[in-house]
There are 2 protein chains.
Amino acid sequence: MRTAKHKSNIPMTRSSSLTFSPLYRQIKELVIKSLEAGEWGPGDAIPSEAELALRFNVSQGTVRKAIDEMAAENLLVRRQGKGTFVATHSDPRNFFRFLRLMPDNGRTQQYESEPLSCVVREASAEVAGVLNIKPGDAVVAIERILRFDGQPVVFDEIYLVGELFADLTLDRLKSYERSLYSLLESAFGVRMIRAEERLRAVAANAAVAVHLGTAVGHPLLLVERVAYTYGNKPVEWRRGYYCTEQHHYLNELG
Amino acid sequence: MRTAKHKSNIPMTRSSSLTFSPLYRQIKELVIKSLEAGEWGPGDAIPSEAELALRFNVSQGTVRKAIDEMAAENLLVRRQGKGTFVATHSDPRNFFRFLRLMPDNGRTQQYESEPLSCVVREASAEVAGVLNIKPGDAVVAIERILRFDGQPVVFDEIYLVGELFADLTLDRLKSYERSLYSLLESAFGVRMIRAEERLRAVAANAAVAVHLGTAVGHPLLLVERVAYTYGNKPVEWRRGYYCTEQHHYLNELG
DNA sequence: AAGTGGTCTAGACCACCGT
DNA sequence: CGGTGGTCTAGACCACTTG
């Protein structure tokens, strides 16, 4: 047994008001560090609250508050009686968290992804700026179509940081059953935490019109997304063209 | 002093698993009832945690958890050392909570609202369905333009439940300095709690093109919104046409 | 029955705000 | 200084899941 003078392993710098952060937030950061390090993989159970309280030498209530915040941020999932689990993009509950497209009439619909290409390329200045890398650095460029009920509805151009995903191939995309983020998380250990989307209305150009089977000039919803992993590190930029004839982008304003 | 057998005023039906709701959630509902009843108006301070704990005969921690949830839902705002306050649309922090339009380059920009018309009308079947009223019931129909830096960027058609807002006039809209929701909350006591937006890309028709100064057929972002007040009651439906030449709709995916 | 998360309490103390 | 929200603790008990 350790004989500590202080109750907690963590120095309590309560008075230094500039960098003060409460105990539960320090615990949270430690747990996030463990997630980043892969101590527990997606879908795994993390140690119980009591066990974490012992490990960090704090009360269970403090651990609880840390986990509360992480559950609210979709990093962890609580299941009463079972434990607390690392969130995963394989979970069906997360399928529509990053794809807000819904059919105008009727229920949540399944879609099929059709990857068209997947090549390593040098980052343009624009892509590099968004992904916080240098122009000319490697990026993985993907083109794909999403079909709802057989009809093409979305055309995506996706750019992934090359350093992390260089081994990705078209075959691998085609043979994978689940979502792209699910693949990136399970095959590359990189989990998408949050994203920003910027939406505009544009007219279809010739290339996109062919992919979506619409007329050139047809109004399309342009959705540009930057996705971030732990530590607010941008790892994906994508540009999606949504045909909103029979679908719409649904957003909840809390 | 009351001499209660039970610790709390509220019956603890912990075993009836069908309708079980924890104490803090029951407290939360009571506080929401007080908000609906107008016991404390927008911007007012509600009683302290200790006072509420006394009133409801529960511990401060339980009150705290109830208020935590309400703060997370933007119903209340906590301010350390000062108290807990009823959220208000007059608060600048809420200006961009319901208008997600941002200029492409540069910082959050002020906009001016130009109301064009405000008339009481019979609800169409479409509007009535969304607002959960009967076709033919009264609605207040508003048209307006939002200008950023003098340029028209948004054209809105707004429909409000007539029962609540029948006294609204064009003059009142024109003379009011702040946001529409701010007016509805202060003048009619109806607070918008949350909203759903459905986004599509459409081609500008002649009427809208004139208002926005664009060509007919120009791609526009169509934003349809249903806004709800307490108890998930829909009270507003609006259809906004956004010109996204120099602006975009920003959405955070948590 | 044992182990997990979920609720509730009582009390101590800290950080912040106003007077 | 007193009052407010914010943090932390220790312990009790409840609800859910699994064996």
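To find a chain, count down the sequence lines: A is the first, B the second, and so on, and within it residues start at 1.
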Q) Looking at CG of A/Leu173 and CD1 of A/Ile158, how far apart are the two atoms once the value is rounded to the nearest 0.5 Å? A)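 Rounded to the nearest 0.5 Å, the CG-CD1 separation comes out at 8.0 Å.
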
Q) Just by modelled atom types, is the B/Arg191 backbone N or O under 3.5 Å from a matching donor or acceptor in the B/Thr229 side chain? A)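 Yes.
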
For atom [atom1] of [X] and atom [atom2] of [N], their distance in whole Å:
X       : N      : atom1 : atom2 : answer
B/Ile67 : D/dG6  : CD1   : C1'   : 12 Å
A/Met70 : C/dG5  : CE    : C1'   : 16 Å
A/Ile27 : D/dT9  : CD1   : C1'   : 13 Å
A/Gln26 : D/dC8  : CD    : P     : 8 Å
B/Glu69 : C/dC8  : CD    : P     : 11 Å
B/Glu51 : D/dT4  : CD    : P     : 7 Å
B/Leu54 : D/dT4  : CG    : P     : 11 Å
A/Leu23 : C/dA15 : CG    : C1'   : 15 Å

**Q.** Parallel, tilted or perpendicular: ring planes of B/Tyr111 versus B/Phe148, cut at 30 and 60 degrees
**A.** tilted

For [N], does OP1 or OP2 lie under 4.0 Å from any side-chain N or O of [X]?
X       : N     : answer
A/Arg79 : C/dT4 : no
B/Arg64 : D/dG6 : yes
A/Lys65 : D/dT7 : yes
A/Thr62 : D/dT9 : yes

Q) For DNA chain D, whose closest nucleotide is more 5', that of A/Pro22 or that of A/Gln80? A) A/Pro22

(Q) Counting the benzene-type ring for Trp, do B/Tyr242 and B/His248 have ring centres under 6.0 Å apart? (A) no

Which nucleotide sits closest to the side chain of [X]: [options]?
X       : options               : result
A/Ser59 : C/dC8, C/dC16, D/dA10 : D/dA10
A/Tyr24 : D/dC8, C/dT7, C/dT9   : D/dC8
A/Lys82 : C/dC17, C/dC8, D/dT17 : D/dT17
B/Arg78 : C/dT9, C/dG6, D/dG6   : D/dG6

Q | Chi angles and distances behind the ring-ring contact (aromatic ring centres under 6.0 Å, His included) call for A/His89, A/Phe95 | A | CA-CA 7 Å; A/His89 289 291; A/Phe95 284 178; 9.2 Å; no

Q: Report which part of the nucleic acid A/Glu49 touches: base, sugar-phosphate, or nothing (heavy-atom distance under 4.0 Å, all strands).
A: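 The answer is sugar-phosphate, as A/Glu49 gets under 4.0 Å only of primed atoms, P, OP1 or OP2.
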
